[in-house]
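Below: one structure, written as structure tokens.
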Amino acid sequence: MKRPTDPHPVIETLLDGADDDAARPSPRSPRRASAPSARRPRVGEGRHVSRRRRTSSKFVRRRIMVAAAAAVCVTMVAGISFVSATYFQVVGNLADNAVGRADGTGTEISGWDGAVNILIMGSDSRDGQTSADYGEAGGARSDVMMLLHVSADREDATLISIPRDTMLPTPECTTPAGDIVPAQEAAQINGALENGPFCSLDTIRAFTGLPIDHFIVVDFDGVIGITEAIGGVDVCVENDIADDYSGLYMTAGTHTLKGEAALAFLRTRHGFADGSDLGRIQAQQAFLASLARKVTSAGTLTNPGALYGLADSASKAMTVDEALAQPSSLVALAQTLSNVDLSRIVMLQLPVVPYWADPNRVEPLTEETDAIFATLRADLPLSFQDDEAPDAPAGVAPEPQPDDAPQPEDAAGAPSEPLTLSDDIVGRTAEDTTCAS
């Protein structure tokens with residue numbers, strides 16, 4: 001992929017020194033500024049630059065921009081130095097790690113209009129690891145797989161953890177080298193990454209029916225760098241943990257984890273519940289909820305050093321699709337996620353049951369899974385039964401509905417109202433501080 005050299009228009013305006021009286025670029029997209037979205041259904045209501053003239057010399061122009069950026073770095077005026085340095089560093093990191101389809105096709109991002117769907121994977125690949133020695137493991141598997149859906153009005157987000165042992169049909173796909181991988185009736189989902197991230201993406205897109213075109217893959221070094229950059233993540237565990245497999249040793253209570261300790265917490269299976277991947281997912285959700293609270297806290301957002309370290313560490317250890325690595329995509333993606341309230345970030349585990357042919361594997365629970373993804377395809381919010389409606393008076397919770405109550409659908413068969421998840425669904429919101437067990 002060609003490494004980007006020209007800055008995003010917002011950054012270019014800052015570096016080019018627009019007059020104080022000139023119009024400032026709006027942080028919101030034109031669509032949102034000019035056409036506010038209609039009111040979304042509430043939980044509980046439904047189912048259960050003006051620029052200076054430039055010299056004609058492109059070389060001189062770039063030298064001036066570099067000089068201006070250097071001057072700003074020295075004076076630290078209005079944080080512009082941090083914005084510009086972070087921008088170029090992060091864009092460069094992502095460009096180096098971007099992956100395209102073998103046939104050259106891909107979906108461009110025009111500004112993240114509409115709902116956003118991204119597949120996020122944690123890879124167990126040891127290739128290029130620099131932080132520590134985690135042993136030998138050939139190939140790459142997705143030890144962590146999550147589907148992120150952000151609603152078109154940017155009011156709700158859903159993060160669905162898909163167990164690594166889930167058996168799913170896989171469509172025919174093409175490896176980065178151009179080799180064709182035949183379709184399979186059932187395969188363990190974490191193994192799809194061995195054929196490249198697009199094979200994982202195509203499998204989840206076919207399974208969910210959602211238009212998922214972009215992915216992020218994070219390796220071990222990424223987890224370590226991110227947690228160190230923000231000073232650690234606070235996690236609470238109900239019981240003592242001593243796991244020789246992951247190297248995690250903790251006493252019951254709250255701990256601040258960063259670096260290798262944070263990675264061990266995310267990797268351990270034997271430290272939680274029954275030692276399966278399902279128990280690990282609950283701990284990962286607790287960690288991610290705490291991470292979200294830490295990143296959105298004033299202490300992180302107002303600390304240029306922490307922000308730069310976070311962005312730099314994450315981008316160095318991430319592999320993304322080529323469209324997601326484009327400069328304009330980064331700015332637009334940040335805007336889509338900036339205003340979602342923690343209470344409306346729903347994290348849940350894909351409902352599963354033991355796989356019929358192997359009790360050590362799992363398969364989706366069809367009815368519940370279909371309802372969840374139908375709701376997301378309709379871009380409607382999910383909530384847990386004990387959640388209060390966001391605008392409801394304190395103590396007033398949505399009226400519970402029987403599990404077998406008929407669900408309203410529109411004429412096309414798609415849901416027309418939000419979905420209240422049953423008590424059997426494992427999950428939490430990002431503001432939930434429940435301890436992992």
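Among residues two or more places apart in sequence or in another chain, the side-chain contact (heavy atoms from CB on, under 4.5 Å) test is passed with T170 by Q184, A187, T203. Residues satisfying the ring pair (Phe, Tyr, Trp, His ring centres under 6.0 Å) criterion with Y355, sequence neighbours excluded, are absent altogether. V235 is linked by a side-chain contact (heavy atoms from CB on, under 4.5 Å) to V233, M250, L257, F265, F287, counting only residues two or more places apart in sequence or in another chain. Here H149 pairs with nothing under the ring pair (Phe, Tyr, Trp, His ring centres under 6.0 Å) rule; sequence neighbours left out. Not counting sequence neighbours, the partners of V181 by the side-chain contact (heavy atoms from CB on, under 4.5 Å) test are C173, T175, N195. With sequence neighbours excluded, no residue forms a side-chain hydrogen bond (donor to acceptor under 3.5 Å, both in side chains) with T433. For S437, there are no side-chain hydrogen bond (donor to acceptor under 3.5 Å, both in side chains) partners at least two apart in sequence or on another chain. The side-chain hydrogen bond (donor to acceptor under 3.5 Å, both in side chains) search around K316 returns D312, not counting sequence neighbours. Annotation: salt bridge (Lys or Arg N to Asp or Glu O under 4.0 Å) contacts of R205 (sequence neighbours excluded): D202, D213. In this structure R293 satisfies the side-chain hydrogen bond (donor to acceptor under 3.5 Å, both in side chains) test with no other residue, sequence neighbours excluded.
When all heavy atoms of L380 and L376 are compared, the closest pair comes out as O-CD2, 4.1 Å. Of all non-hydrogen atoms in A436 and F272, the two that sit nearest each other are CB-CE2, 3.8 Å. T227 approaches G259 most closely through the heavy-atom pair OG1-N, 2.8 Å. The nearest pair of heavy atoms linking A325 to V320 is CB-CG2, 3.8 Å. When all heavy atoms of T434 and R428 are compared, the closest pair comes out as O-NH1, 3.2 Å. Closest of all the heavy-atom pairs between A192 and C199 is O-CB, 3.7 Å.
The CG atom of L348 sits 5.0 Å away from the CD1 atom of I160 when rounded to the nearest 0.5 Å. Within the model, atoms CE of M121 and CD1 of I162 stand 10.0 Å from one another, a figure rounded to the nearest 0.5 Å. Expressed to the nearest 0.5 Å, how far OG1 of T251 lies from CG of D240 amounts to 6.0 Å.
Legend: ring pair (Phe, Tyr, Trp, His ring centres under 6.0 Å) pairs involving residues 232-257, not counting sequence neighbours, sorted by first then second residue: Y245-H270. Sorted by first and then second residue, the pairs that involve residues 275-285 and meet salt bridge (charged side-chain N to carboxylate O under 4.0 Å, His left out), not counting sequence neighbours, are D277-R280.
The shortest distance between side-chain heavy atoms of D234 and K294 does not fall below 4.5 Å.
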